[in-house]
Amino acid sequence: MTPEQLADRVLSWYAAHGRDLPWRHTRDPYAILVSEVMLQQTQVDRVIERWTAWLERWPTAADLAAATRADVIAAWQGLGYNRRAVALHEAARMLAEQGIPQDQAGWRALPGVGPYTAAAICALALDHDVVPIDVNVQRILERALGATTIEPPTGKGHDLTQALFDVGATLCLARIPRCEACPLASDCPSRGQRYEPQRKQSRFEGSRRQARGQLLDRLRQAPIRFVDCDAEIAALLIKDGLAERRGSMLTLPQ
DNA sequence: ATCCTGTGGC
DNA sequence: GCCACGGGAT
């Protein structure tokens, strides 16, 4: 199968079976940025309501830039990878001050925006003909083409990106793909194959990760006396901009 | 127990 | 290149 055929079939499938997600109703770069940062390592179902509420509370980059960091961190509760909240807040300040970047390099200059997110924003908000490669898109391309990138047909970068996300999320699953429903199956060399998990995740119970999360949750409720917390864990939060020491107290920043 | 639309620090 | 970074769902 050629890349052109793949794009064709995925786009046809998407027209009939694509998901209707709230951030697909906007082209506002700030709103797309919020969705992409939330979606980094976080599943769609958990992001939908949080994105909607976030955009209601802070509709523009200037609105988010004007918020306190403490409020932004508090609003991130439950989304995980809390550094993203600090990065997004700082990114909003840069957007409010410097305007909207028009290319991937410009977006890469924002904290929390790496190669994937920069490409995604350019494809989805700026309508550039690029396809961001995340693990899901990479999986589809490797299985179907033996390739790691794809050049979208002119004018189709935006739709092909959304279409590949949906194929990856609903059909070309990591372990057990649903080839019987996949528009690529008839010409996919990997059709019918199963895959073993390769990633082993360390235990969460009793981990430093858990301790971090618990301390941050306490800070979200109220400042605490420094002596009442594990200094090593507090130092980790401070290093990431998630907490600060004020006298004898540990608080959310600002 | 395993999965999940990455980024940044070293 | 390797590692830390959350938390919910299944």
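Residue numbering restarts at 1 for every chain, and letters A, B, ... go by the order of the sequence lines. Scope of the values below: all heavy atoms of this structure, side chains included, with no hydrogens, waters or symmetry mates.
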- Below 4.0 Å: OP1/OP2 of dC4(B) and any side-chain N or O of Gln41(A): no
- Please report, rounded to the nearest Å, how far the C1' atom of dA4(C) is from the CG atom of Leu237(A). 13 Å
- Task: Pick base, sugar-phosphate or nothing for Val137(A), based on heavy-atom distances below 4.0 Å to the nucleic acid.
- Result: nothing
- Within the structure shown, what part of the strands sits under 4.0 Å from Val135(A) by heavy-atom distance: base, sugar-phosphate, or nothing? sugar-phosphate
- Query: Can you tell me if the side-chain N/O atoms of Arg175(A) get under 4.0 Å from OP1 or OP2 in dC3(B)?
  - Reply: yes
- Return yes if the base of dG6(C) and the side-chain atoms of Arg209(A) contain a donor-acceptor N/O pair under 3.5 Å, otherwise no. yes
- Tell me: CG of Leu39(A) to P of dC5(C), nearest whole Å? 22 Å
- What is the distance from OH of Tyr81(A) to P of dG6(B), rounded to the nearest Å? 9 Å
- Query: Looking at dT5(B), dG7(C), dC5(C), which one has an atom nearest to any side-chain atom of Glu36(A)?
  - Reply: dT5(B)
- Message: If I take atom CD in residue Gln43(A) and atom P in nucleotide dG8(C), what distance separates them, rounded to the nearest angstrom?
- Response: 12 Å
- Separation between CH2 of Trp13(A) and CG of Leu164(A), rounded to the nearest 0.5 Å: 10.0 Å
- Message: Any base atoms under 4.0 Å from Ala174(A), or only sugar-phosphate, or nothing? Heavy atoms, all strands.
- Response: sugar-phosphate
- Message: Whether Thr42(A) contacts dG7(C) is assessed here as follows: a side-chain N or O lying under 4.0 Å from the phosphate OP1 or OP2. Is that the case?
- Response: no
- Spacing of Leu79(A) atom CG relative to dG8(C) atom C1', expressed in whole Å: 11 Å
- Remember a base hit wins even if backbone is also touched, and classify Asp45(A) as base, sugar-phosphate or nothing at under 4.0 Å, heavy atoms. nothing
- Cationic tip of Arg9(A) within the cone over Tyr14(A)'s six-membered ring, i.e. under 6.0 Å and within 45° of the normal? no
- Query: Any ion pair linking Asp127(A) and Arg27(A) (charged N to carboxylate O, less than 4.0 Å)?
  - Reply: yes
- Counting heavy atoms from C-beta on, name the nucleotide in dT7(B), dG7(C), dT5(B) closest to the side chain of Asn82(A). dG7(C)
- Task: Nearest-nucleotide wise, let me know which of Lys239(A) and Arg46(A) is further upstream toward the 5' end of DNA chain B.
- Result: Arg46(A)
- Atom-to-atom span, CG of Leu242(A) to C1' of dT7(B) - whole angstrom: 14 Å
- So what does Pro132(A) touch, heavy atoms closer than 4.0 Å: a base, only the sugar-phosphate, or nothing? nothing
- Contact class for Gln210(A) vs. all strands (heavy atom < 4.0 Å): base, sugar-phosphate, or nothing? nothing
- Message: Using a 4.0 Å heavy-atom cut-off, does Arg19(A) contact any base of the nucleic acid, only the sugar-phosphate backbone, or nothing at all?
- Response: base
- Arg209(A) NZ/CZ over Phe204(A) ring centroid, <6.0 Å and within 45° of normal: no
- Query: Have Gln40(A) and Tyr116(A) got a donor and an acceptor in their side chains that come within less than 3.5 Å?
  - Reply: no
- Query: In whole Å, what separates the P atom of dA4(C) from that of dT5(B)?
  - Reply: 22 Å
- Checking all strands, does Leu173(A) fall into the base, sugar-phosphate, or nothing category for heavy-atom contacts under 4.0 angstrom? nothing
- Item | Length of the line joining Leu33(A):CG and dT7(B):P, which is rounded to integer Å | 11 Å
- Task: Identify whether any heavy atom of Leu21(A) sits under 4.0 Å from a base atom; if not, whether one sits that close to sugar-phosphate; answer base, sugar-phosphate or nothing.
- Result: base
- Message: For the P atoms, the ones on dT7(B) and on dG8(C), what distance do you get once it is rounded to whole angstrom?
- Response: 23 Å
- Could you check how far CE of Met38(A) sits from P of dG7(C), rounded to whole Å? 15 Å
- Is the closest side-chain donor-acceptor distance between Ser207(A) and Arg212(A) under 3.5 Å? no
